Amino acid sequence: MTTDEQLAYLTKGVEETIRVEELRARLESAAAARRPLRVKAGFDPTAPDLHLGHTVLLRKMKHFQDLGHTVIFLIGDFTGLIGDPSGRSVIRKPMTPEEVAANAETYKRQVFKILNAEKTVVDFNSRWLGALTGRDWIALCSRYTLARLIERDDFSKRLKEQKPIAVHELLYPLSQGYDSVALEADVELGGTDQKFNLLVGRDLQQEYGQPAQIIMTMPILEGLDGVQKMSKSLGNYVGISEPPASMFGKLMSISDTLMWRYYELLTDLSRGEIAGLKHSVDSATTHPMEAKKALARRIVADFHGPEAAQQAQKDFEAQFRDNALPHDLDTRSIILNEPLKLSRVLTGIGFFESNAEAQRKMKEGAVHLADFDAAGELQWTRITDPTWVLDPSDHSEVVVRAGSRRLVKVKVNRTTAGDE
RNA sequence: GGACAGGUGGCUGAGUGGUCAAAAGCAGCAGACUGUAAAUCUGCCGGCCCUUGCGGCCUACGGAGGUUCGAACCCUCCCCUGUCCA
């Protein structure tokens with residue numbers, strides 16, 4: 001591959017590269033020296049539950065691996081104590097080594113669905129940051145200025161809005177920058193929200209007599225709501241370990257506009273191919289829902305394989321188009337000896353937060369029970385009476401649905417006498 | 001250390017003695033319409049209980065006390081945040 005081809009491959013989908021010319025030079029010198037580049041990306045140790053938003057970055061890391069470079073998957077177990085100053089933050093409780101190790105394992109299990117395990121170095125920044133002495137910290141801090149730190153968007157914004165900024169938060173960019181020094185990183189990847197931290201790394205490396213790393217920022221993926229970034233805490237995410245049906249369903253619920261963004265960031269289709277598909281939808285040749293199904297199928301296949309993706313689509317169509325039950329219907333067992341209000345059952349299986357909410361939703365007509373009639377046809381009955389009672393002697397199992405997303409089969413078991 | 005301004009439900013933000021479980025907006029959930037899309041309309045949106053009623057009870061407006069028949073609202077002390085001065 002020529003350098004130009006490599007550049008095109010590596011910068012595809014990237015929001016910003018600082019600087020492309022430096023990357024070119026670094027690629028060339030590395031090739032000449034037969035030395036792989038050291039490519040670093042940091043991850044928070046507290047959220048080992050990866051979602052599609054993370055895969056945008058992981059894909060880019062993989063591209064570097066494809067070209068033979070070394071990817072360092074850095075777990076920020078030390079910086080995790082500070083917390084990235086993206087909100088108001090306090091000093092977090094240190095995690096035990098066991099917790100960190102457990103999270104790292106979880107990471108590996110998920111990350112290697114995309115990354116090549118053999119070409120990935122997993123490291124922890126507590127290895128060097130934890131070893132710094134007080135003097136080392138002072139030395140590190142002396143190499144940067146307050147004015148430059150508060151240039152950071154989060155800081156200047158909070159300053160302007162008269163919101164608090166704790167002093168330790170200033171250490172976050174410095175610590176992350178120092179990681180690059182410790183690792184002698186050639187390239188650091190991150191989301192666009194990481195730009196400031198990545199730039200600090202460039203500066204600090206030069207302060208410590210190293211060539212400045214090239215930084216590449218990846219777009220932040222919007223969550224299912226299409227507005228806020230995909231995040232677990234906002235609940236607008238698709239986890240990469242989720243079962244196929246759930247992934248498929250969530251992807252089908254995104255807006256048509258967002259669909260194109262997902263096509264761009266979560267599939268391997270080229271821009272040209274995507275544009276072609278979009279044109280086909282715009283000209284009413286392809287129904288938008290079909291385009292969305294294709295997207296969902298593609299993404300599910302990435303993590304579960306094509307057969308599972310195919311099945312997920314079939315189930316989806318059965319459930320929402322034909323009003324049937326999915327194949328892998330969730331089943332919950334409950335113990336019930338006495339008749340019990342359905343509202344309590346619904347709260348018990350986690351459909352609703354409280355009995356009060358369950359009753360409210362029942363009144364609103366959100367709750368349905370499924371039964372098979374004499375002809376074996378599935379019949380849905382809407383239960384709007386909040387006092388409706390489930391009698392274990394009438395039902396050994398019921399299928400309940402609340403809203404469009406909550407659907408489960410409840411097995412009603414009775415304990416034998418004296419078995420409490 | 002001083003002066004001043006603030007701390008209300010997931011967020012923004014009204015309310016300054018009873019009619020306040022607390023306006024309004026956002027977010028969320030549900031219903032209708034659909035393609036589990038968008039837009040729109042409607043309802044809900046602290047908890048518990050039941051006889052599901054414009055029902056009863058509990059908890060809640062930074063914390064602790066106090067005044068009052070009654071406090072998010074008044075008083076005292078404390079904690080927290082910001083601005084300016086030092």
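A, B, ... follow the sequence lines: proteins, then strands. Residue 1 opens every chain. Everything quoted here is computed from the prediction, not taken from an experiment.
- Under the 4.5 Å side-chain criterion, counting only non-hydrogen atoms from C-beta, A:R202 is in contact with A:I18.
- Here B:A37 presents its P atom at 20 Å from CG of A:D282, a figure rounded to the nearest Å.
- Using a 4.5 Å cut-off on side-chain heavy atoms (C-beta onward), A:V300 and A:R297 make no contact.
- B:G10 and B:C61 have their P atoms separated by 12 Å, given to the nearest Å.
- Across all strands shown, B:U40 forms a Watson-Crick or G-U wobble pair, both distances under 3.5 Å, with B:A32.
- The C1' atoms of B:G43 and B:A37 are separated by 22 Å, rounded to the nearest whole Å.
- Within the 4.0 angstrom heavy-atom criterion, only backbone atoms of the sugar-phosphate kind lie near A:S255; the bases stay farther away.
- Look at NE2 on A:H287: it is 12 Å from C1' on B:A38, rounded to the nearest Å.
- Side chain of A:Q359, nearest nucleotide from B:U52, B:U36, B:G43: B:U52.
- In this structure, of B:C48, B:U36, B:A30, it is B:A30 that holds the atom nearest to the side chain of A:K361.
- At a cut-off of 3.5 Å, with distance as the only test, a side-chain donor of A:Q176 or A:N197 sits close to an acceptor on the other residue.
- Taking the C1' atom of each, B:C77 and B:A22 are spaced 27 Å apart, rounded to whole Å.
- If you check B:C69 for Watson-Crick or wobble pairing at under 3.5 angstrom, you find it paired to B:G18.
- Nucleic acid contact for A:K292: base, since at least one base atom lies under 4.0 Å from a heavy atom of the residue.
- Nucleic acid contact for A:R321: none, since no nucleic acid atom lies under 4.0 Å from a heavy atom of the residue.
- A:E317 has no carboxylate O lying under 4.0 Å from a charged side-chain N of A:K314, or vice versa, which leaves the two without a salt bridge.
- On the C1' atoms, B:A24 is 7 Å away from B:A14, given to the nearest whole Å.
- Residue A:A366 has its side chain nearest to B:G31 when only B:G31, B:G43, B:G35 are considered.
- A:R401 comes within 4.0 angstrom of nothing in the nucleic acid, heavy atoms only.
- Pair check for B:U83 finds B:A3; Watson-Crick or G-U wobble, both atom distances under 3.5 Å.
- Residue A:R344 has its side chain nearest to B:C48 when only B:G35, B:C48, B:U36 are considered.
- Nearer the 5' end of RNA chain B, as judged by each residue's closest nucleotide, is the contact made by A:F248, out of A:E353 and A:F248.
- If you check every strand for non-hydrogen atoms under 4.0 Å, A:K341 touches a base.
- A:D385 comes within 4.0 angstrom of no nucleic acid atom, judged by non-hydrogen atoms across all strands.
- Within 4.0 Å (heavy atoms only), A:E290 reaches no atom of the nucleic acid at all.
- The distance between atom CD of A:E364 and atom P of B:C45, rounded to the nearest whole Å, is 8 Å.
- Across the C1' atoms, B:U16 and B:G7 are found 15 Å apart, a figure rounded to whole Å.
- Residues A:F64 and A:M216 have side chains in contact (heavy-atom distance under 4.5 Å, counting atoms from C-beta outward).
- Using a 4.0 Å cut-off, some side-chain N or O of A:R406 falls inside it from OP1 or OP2 of B:A30.
- Distance, A:E222 CD to B:A38 P: 15 Å, rounded to whole Å.
- Aromatic stacking of A:F352 on B:C29: not satisfied for centres closer than 5.5 Å together with planes under 30 degrees.
- For the P atoms, the distance linking B:A60 with B:G53 amounts to 29 Å, nearest Å.
- In this structure, B:U59 forms no base pair with any nucleotide, since neither Watson-Crick nor G-U wobble geometry is met with both distances under 3.5 Å.
- The side chain of A:S354 contributes an N or O atom lying less than 4.0 Å from OP1 or OP2 of B:G47.
- Residue contacts for A:G249: at a heavy-atom cut-off of 4.0 Å it reaches a base atom on one of the strands shown.
- At a threshold of 4.5 Å between non-hydrogen side-chain atoms, the residues A:E242 and A:H51 do not count as touching.
- Both A:G365 and A:M259 lie near RNA chain B, and the one whose nearest nucleotide falls closer to the 5' end is A:G365.
- Between A:N355 and B:C49, a side-chain N or O to OP1/OP2 separation shorter than 4.0 Å is present.
- Counting only heavy atoms from C-beta on, A:R382 has its side chain closest to B:G31 among B:G43, B:U36, B:G31.
- Applying the 4.0 Å criterion to OP1 and OP2 of B:G28, one finds that A:R360 has every side-chain N and O outside that range.
- Between B:U8 and B:G62, the distance separating the two P atoms is 6 Å to the nearest Å.
- For the P atoms, the distance from B:G13 to B:C29 is 24 Å, rounded to whole Å.
- A salt bridge is defined here as a Lys NZ or Arg NE, NH1 or NH2 lying under 4.0 Å from an Asp or Glu carboxylate O, and A:R298 with A:D302 fails to meet this definition.
- Note on A:I254: only backbone sugar-phosphate atoms sit closer than 4.0 angstrom, heavy atoms only; bases stay farther off.
- Taking 4.5 Å as the limit, some side-chain heavy atom of A:V181 sits within range of a side-chain heavy atom of A:Q205.
- Across the strands present, B:A27 finds no partner; the criterion is a Watson-Crick or G-U wobble pair with both atom distances under 3.5 angstrom.
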